[in-house]
Structures are given as structure tokens and as C-alpha cells.
Amino acid sequence: MRPRLLHLLIAGVVALTAAGSVDASTGTQTVPVNVQQKPSIVGNVHISFPSTGSLPPDSYYYAVMVLKPYKHYTQEVPPPCATSSNMEKTDYGYPRPGRPVRLVLTRAKSLAGHWCRGGVYSGGIYAVPYPPPCNSTYPCRSEPYKEPCAGIRPGCVEGVVAKPRFYRYPDGLPAPLAKGTRIIGHFKVSF
């Protein structure tokens, strides 16, 4: 009898983890985010997560990660390593029923040219409920919250998530520029 109860308990925990959870502060469904194991301070960070059924078909996702307070550095004297992912060139991912969304985060420009060794970054998955302001062709028109962008491959567009003047270390995740966008998942990356 006990092994069966333990089996049911484990199955319930796995089901809850796969389904995500509900954010108590906003009441919105959150998605579980898979982050690559042991990222390199000089490499990109790869993440994946399930599409949510609550977004329209032409909607898209992007991700951002920002450095948590690091050593003795401050806003006035930020660290020489990357304090965030590159918010000016961000992959967009699109909902595909039954298939995970995969995104690659590159580091922002920095004096050191790499992520912060021993640093911990907070990440967020942003869901935008309408099509991106440009497609994967170049050039494309600008929108009020969007700089001109260049396509990098079909189904994936580089874009602007937050302009540098709207985010400064260690402010935490930036507010989205696109109206109606919400954060649907959180993750952590340690180097």
C-alpha cells in the first residue's frame, strides 16, 4: 500500500512541475523553464519552455536575464562583465502546439567580454499577445517600442526588448516595452 501511495505522490509532483504554477501576485499561469546545464562564461545560454495555450497564434516570446547584485559593484560602478543578456538583439520564439519554444540568450557588451564568473542571473520569459512589429526580412519598419531589426532566420527575429537607458544594473528584470506583454516564467542561471 505505501509504495502505491508514494508512486501517486511522485506522479502528482511531476505533473505539477510539468504544468507550471500560478503566480500568486498576478494570478497568471507560469511555465516551467529548462536551462542548459553548466553554461560557459563565454558562451550563449540556451533555454526552453512549453508554449502556453493562452496566447494567440501570431504572438511571440522572448527572454531576458539580468545579473543579481554582484560582489561590491554598484549602479555607479558596474562590474566589467556582462550585467544582462543582450536586450538589443533578442531571439523571438513562437508558440507551436506540443513543441517547446527554444531561445538563445547572448551576453550584453561588456569590457570583459563574458558573463560574470560566479555571478547569478535572474531570468524571465516574456509573452507578447500579438505579432512582432517586423518579420524576418530586412529592412523592416519601426514601431513605437521597437528599433529597426534584421532577420536572422525564418521564424526568428532579432529585436529590442529594453533600451539601455531603461535598464541599469542591478535593477532586476526590465518592464516590457510592448503593451500587453507579461512575464510568464522565471529562471536562474549561475556561472
Side-chain angles (χ1 to χ4, degrees), residues 33-49 60-94 101-128 131-179 181-191:
V33 181
N34 296 315
V35 180
Q36 79 180 72
Q37 296 282 330
K38 299 181 183 176
S40 163
I41 63 166
V42 295
N44 295 330
V45 174
H46 299 263
I47 62 170
S48 66
F49 54 94
Y60 65 101
Y61 303 97
Y62 63 84
V64 173
M65 53 188 243
V66 296
L67 182 64
K68 289 185 173 185
Y70 180 67
K71 298 185 178 179
H72 59 277
Y73 294 101
T74 65
Q75 193 171 60
E76 291 73 31
V77 182
C81 45
T83 58
S84 71
S85 55
N86 189 335
M87 294 183 217
E88 294 183 280
K89 294 184 177 177
T90 302
D91 278 353
Y92 290 170
Y94 300 93
V101 177
R102 299 179 194 287
L103 298 174
V104 177
L105 292 129
T106 58
R107 63 190 176 275
K109 293 178 185 174
S110 67
L111 293 174
H114 56 73
W115 301 102
C116 295
R117 186 179 308 279
V120 177
Y121 292 77
S122 294
I125 304 295
Y126 295 71
V128 185
C134 64
N135 56 29
S136 58
T137 60
Y138 180 82
C140 61
R141 62 188 173 86
S142 248
E143 294 290 340
Y145 67 93
K146 185 85 176 151
E147 297 294 323
C149 64
I152 55 175
R153 67 180 182 266
C156 190
V157 178
E158 288 187 351
V160 173
V161 175
K163 295 179 180 173
R165 67 179 180 267
F166 294 130
Y167 168 75
R168 288 186 60 188
Y169 166 82
D171 284 351
L173 289 172
L177 295 176
K179 188 176 182 180
T181 300
R182 57 192 166 83
I183 297 176
I184 60 162
H186 294 273
F187 60 95
K188 181 175 84 170
V189 177
S190 299
F191 288 94

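- Summarising the geometry, atom OH belonging to Tyr60 is positioned 6.0 Å from atom OG1 belonging to Thr181; distances are rounded to the nearest 0.5 Å.
- Taken from SG in Cys116 to CZ in Phe191, the straight-line distance is 9.0 Å, to the nearest 0.5 Å.
- Rounded to the nearest 0.5 Å, atoms CD1 (Ile125) and OH (Tyr62) are 10.5 Å apart.
- Looking at Trp115 and Ser110, their side chains never come closer than 4.5 Å, going by heavy atoms from C-beta outward.
- Smallest separation of non-hydrogen atoms from Val66 and Pro174: CG1-CD, 4.3 Å.
- In this structure, Val64 and Thr90 have side chains that are not in contact, with every pair of non-hydrogen atoms separated by 4.5 Å or more.
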Can I get a per-line list of side-chain donor-acceptor pairs under 3.5 Å for residues 67-74, giving both atom names and the distance, sequence neighbours left out?
{"unit_1": "Tyr70", "atom_1": "OH", "unit_2": "Arg117", "atom_2": "O", "d": "2.7"}
{"unit_1": "Thr74", "atom_1": "OG1", "unit_2": "Glu76", "atom_2": "N", "d": "3.3"}
{"unit_1": "Thr74", "atom_1": "OG1", "unit_2": "Val77", "atom_2": "N", "d": "3.0"}

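- Taken from CD1 in Ile184 to NE2 in His186, the straight-line distance is 10.0 Å, to the nearest 0.5 Å.
- A 4.5 Å side-chain heavy-atom check between Phe187 and Phe49 finds every atom pair outside the cut-off.
- Pairing each heavy atom of Ala63 with each of Ser85, the nearest pair is O-OG, 4.4 Å.
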Could you tabulate the donor-acceptor pairs under 3.5 Å formed by side-chain atoms of residues 35-48, not counting sequence neighbours?
{"unit_1": "Gln36", "atom_1": "OE1", "unit_2": "His46", "atom_2": "N", "d": "2.7"}
{"unit_1": "Ser40", "atom_1": "OG", "unit_2": "Val42", "atom_2": "N", "d": "3.2"}

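- In this structure, CE in Met65 is found 11.5 Å from CG in Asn86, a value given to the nearest 0.5 Å.
- Gln75 is linked by a side-chain hydrogen bond (donor to acceptor under 3.5 Å, both in side chains) to Asp171, counting only residues two or more places apart in sequence or in another chain.
- Expressed to the nearest 0.5 Å, how far OG of Ser122 lies from NZ of Lys188 amounts to 8.5 Å.
- A pairwise comparison of heavy atoms in Tyr121 and Ala82 identifies OH-O, 2.5 Å as the closest pair.
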